[in-house]
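Residue numbers start from 1 in every chain, and the chains themselves are labelled A, B, ... in the order their sequence lines are given, proteins ahead of strands.
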Amino acid sequence: MAKRYWLMKSEPDVYGFDDLLAEPNQTDHWDGVRNYQARNIMRDEMKVGDGVLFYHSNTKPPHVVGVAEVVREGYPDHTAFDSNEKYYDAKSDPDNPRWYMVDIRAVEKLPAIVPLDQLKSDERLVDMKVTQRGQRLSVQPVTATEFQVVVELAKANADAS
DNA sequence: GCCAACGTTGGC
DNA sequence: GCCAACGTTGGC
């Protein structure tokens, strides 16, 4: 399977790219996803080595901030089993887990952020889910081309500033 | 802070 | 299995 690419959303106030950079080995597990579509992607589709665009939502402006990679494939999200956890789900049984997560490692913080407006205005990115109205999926696929374009936009932004 | 979009829940 | 009610996401 060729390397694939994904976009993962997080609210910077909750868990931002800098938090990932601060982790040992710049690696952490992506817990707390409680959406079946996103779960399926993490459980079934994300593979070690896949590229990830790290996106900050619910901030002004929303933007892509960095690049990460998948370092561990889907495994049960243990935070669903612990009633002390914010993301506890009584319906997820350790013998038959409902929720899964992956581990990602920060690869690089982009030299400049790429705001959502810029993603929307680039004709090469019109099919990106994140640019489409009402698209809330927190883990979504992107194409190799889209991934590359976003990285290039970040570099161009840095050069222009 | 608002609210549109969308996912989930639960009564029937 | 439908669908109304409700909760959440997330841009604006």
For [X] and [N], is the shortest distance between a side-chain N/O and OP1 or OP2 below 4.0 Å?
X        : N      : answer
A:Lys120 : C:dC12 : yes
A:Tyr55  : C:dG11 : yes
A:Lys9   : C:dG10 : yes

Point to revise | Candidate nucleotides C:dC12, C:dG10, B:dT8, ranked by approach to the side chain of A:Lys60 - the nearest | key: C:dC12
Point to revise | Closest to side chain of A:Tyr36, choosing from B:dT8, C:dC12, C:dG10 | key: B:dT8
Exercise for review: Could you state whether A:Val52 and A:Ile41 fall into the same hydrophobic cluster, counting links through intermediate Ile, Leu, Val, Met, Phe, Trp or Tyr residues with side-chain heavy atoms under 4.5 angstrom apart?
Suggested key: yes
Review point. A:Val67 and A:Leu116: same hydrophobic cluster, using ILVMFWY side-chain contacts below 4.5 Å?
Key: yes
Review point. Checking all strands, does A:Gln37 fall into the base, sugar-phosphate, or nothing category for heavy-atom contacts under 4.0 angstrom?
Key: sugar-phosphate
Check your understanding: Taking only residues two or more places apart in sequence or in another chain, which ones pass ring-ring contact (aromatic ring centres under 6.0 Å, His included) with A:Phe81?
Key -> none
Using whole Å, report how far [atom1] of [X] lies from [atom2] of [N].
X        : N      : atom1 : atom2 : result
A:Leu7   : C:dG10 : CG    : P     : 11 Å
A:Asp89  : C:dT8  : CG    : C1'   : 15 Å
A:Asp13  : C:dT9  : CG    : C1'   : 15 Å
A:Trp99  : B:dG7  : CH2   : P     : 13 Å
A:Gln140 : B:dC6  : CD    : P     : 13 Å

Practice item. Calculate, to the nearest 0.5 Å, the distance between atoms CG and OH belonging to A:Asp31 and A:Tyr15 respectively. Key: 9.0 Å
Study note, to complete from the structure: Between A:Arg34 and A:Asn58, the residue closer to the 5' end of DNA chain B by nearest nucleotide is A:Asn58
Point to revise | Residue among A:Phe17, A:Tyr55, A:Phe54 satisfying side-chain contact (heavy atoms from CB on, under 4.5 Å) with A:Val64 | key: A:Tyr55
Point to revise | Close approaches to DNA chain C from residues 126-138 of chain A, in residue order (heavy atom, under 4.0 Å) | key: A:Arg136
**Study point:** Sub-6.0 Å ring centroid separation between A:Trp99 and A:Tyr88
**Key:** no
Exercise for review: Establish, from distance only, whether the side-chain atoms of A:Arg43 and A:Tyr75 form a donor-acceptor pair under 3.5 Å.
Suggested key: no
